[in-house]
Amino acid sequence: MIPVTKPFLPPYEEYQQYLTGIWERNWLTNNGPLLVKLEEDLKHYLGVKHVFVVNNGTIAIQIAIKALNWKGEIITTPFSYVATTSSIVWEQCTPRFADIEATSKTIDPRAVEALINEKTSGILATHVYGNPCDVEALQKIADKHGIQVVYDAAHAFAAGFKGTSVLNYGDISTLSFHATKLFHTIEGGAIVTNNDDLAARISYMRNFGHKGPTEFVGCGINAKTSEFNAAMGLCILPKVKDLIAKRKAVFEKYNELLKNTPLVSLEVRNGTEYNYAYYPLVFPDETKLLQVVAALEAKEVVTRRYFYPSLNNLNYVAYEPCPISEDICRRVLCLPFFPELTVAEQEMIASVVIDQF
Ligand SMILES: *Cc1c(COP(=O)(O)O)cnc(C)c1O
């Protein structure tokens, strides 16, 4: 069986060394030394001012919405994982769906501007598959209307744009460190900001609102991360560069193997330092996509319709048409993509795909 993704595990002995320290200190969670070190290392690695590691990428989005005190309407993308939309609804705000650009698959700034009204609090956009949004156009719109921007950067760990981390754009960026992501802490995520006031709010919000043992700054939640999770992150972070280089080779091999098909591979925005997070393909039509899914399944190759359905179709949101997102959701498929995928496996997968055309 070839899975669509494979969580990266470091050598067992490396993780075990951290476990020894945890046993010696008997300090398991609550801002332990491994978590503090991971946050410092992440700030350095990503080149950002504040990093708050939390227990998943979804709570990171929810805390971002709370920290900005967003109410009313949030303009968002229908082309993302469900957590982007569900976090908005969970925080009692209303998602307004702006359609995407067909090539980049990120939110279309013109569609965003068309939705802005007096109820708009901000923009929550996703850097899709690690491809950055049109961050400059979105910032211009946000500044013009006096609203803020949060990026769901769950796919964008280590991605760069115009010489800096993509996380340096917008008011807040959120990351997911789930096991299937490029960098992970088994379960986990982070909230990134360069704004000191927001950082102060986020730091108490993720820990019940505590300021010292008996004082509370405001309402908070439990988004704390354990030393076991932080240890996994500390093992993987030094390997990220190498993992991305391996992913790049797999990505380019797929492109080469599939170049004579009508399938469209991911084209990243000019100025992007890509992180090779996913390998999505856009098919000519859904029938062909389903045929390929079935043919690969017969060979025990798992693919994923990521993303499907378009989030404006969820049964707990008010539907508004987003024809480009709905069309691409029907026609996009992610192939197995992880550093250890062998050339022989890629050749087998590609030949099954090519046979359907
Ligand atoms: C994975 C993911 C999330 C959710 O992150 P979790 O850590 O699983 O909660 C949110 N948005 C996007 C785009 C994702 O891919």
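Here the structure is a predicted model, which is why all the values come from computation and not from measurement. Start at 1 and go down the list; that is how both ligands and their atoms are numbered.
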Subject >> Summary of ring pair (Phe, Tyr, Trp, His ring centres under 6.0 Å) pairs that have at least one residue in residues 236-274, sequence neighbours excluded >> reply: Phe251-Tyr274, Phe251-Tyr276, Phe251-Tyr279, Tyr254-Tyr279, Tyr274-Tyr276
Original post:
Is a side-chain donor-acceptor pair under 3.5 Å present for Asp171 with Asn195?
Top reply: no
**OP:** Scan side-chain atoms only and decide if Thr106 and Arg269 contain a donor-acceptor pair under the 3.5 Å cut-off.
**Re:**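 Yes.
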Subject >> Thr126 side chain vs Val128 backbone, donor-acceptor pair below 3.5 Å >> reply: no
Subject >> Residue list, salt bridge (charged side-chain N to carboxylate O under 4.0 Å, His left out) with Lys6, at least two apart or on another chain >> reply: none
Original post:
Quick one: salt bridge (charged side-chain N to carboxylate O under 4.0 Å, His left out) partners of Arg331, sequence neighbours excluded?
Top reply: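 So Arg331 forms a salt bridge (charged side-chain N to carboxylate O under 4.0 Å, His left out) with Asp327.
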Need the list: ligand 1 N/O atoms against protein N/O atoms, distance under 3.5 Å, rounded to one decimal.
from, atom 1, to, atom 2, distance (Å)
ligand 1, 5 (O), Ser176, OG, 3.2
ligand 1, 7 (O), Gly57, N, 2.8
ligand 1, 7 (O), Ser176, OG, 2.7
ligand 1, 9 (O), Gly57, N, 3.3
ligand 1, 9 (O), Thr58, N, 3.0
ligand 1, 9 (O), Thr58, OG1, 2.6
ligand 1, 11 (N), Asp152, OD1, 3.4
ligand 1, 11 (N), Asp152, OD2, 2.7
ligand 1, 15 (O), His155, NE2, 2.8
ligand 1, 15 (O), Lys181, NZ, 3.2
ligand 1, 15 (O), Tyr306, OH, 2.9

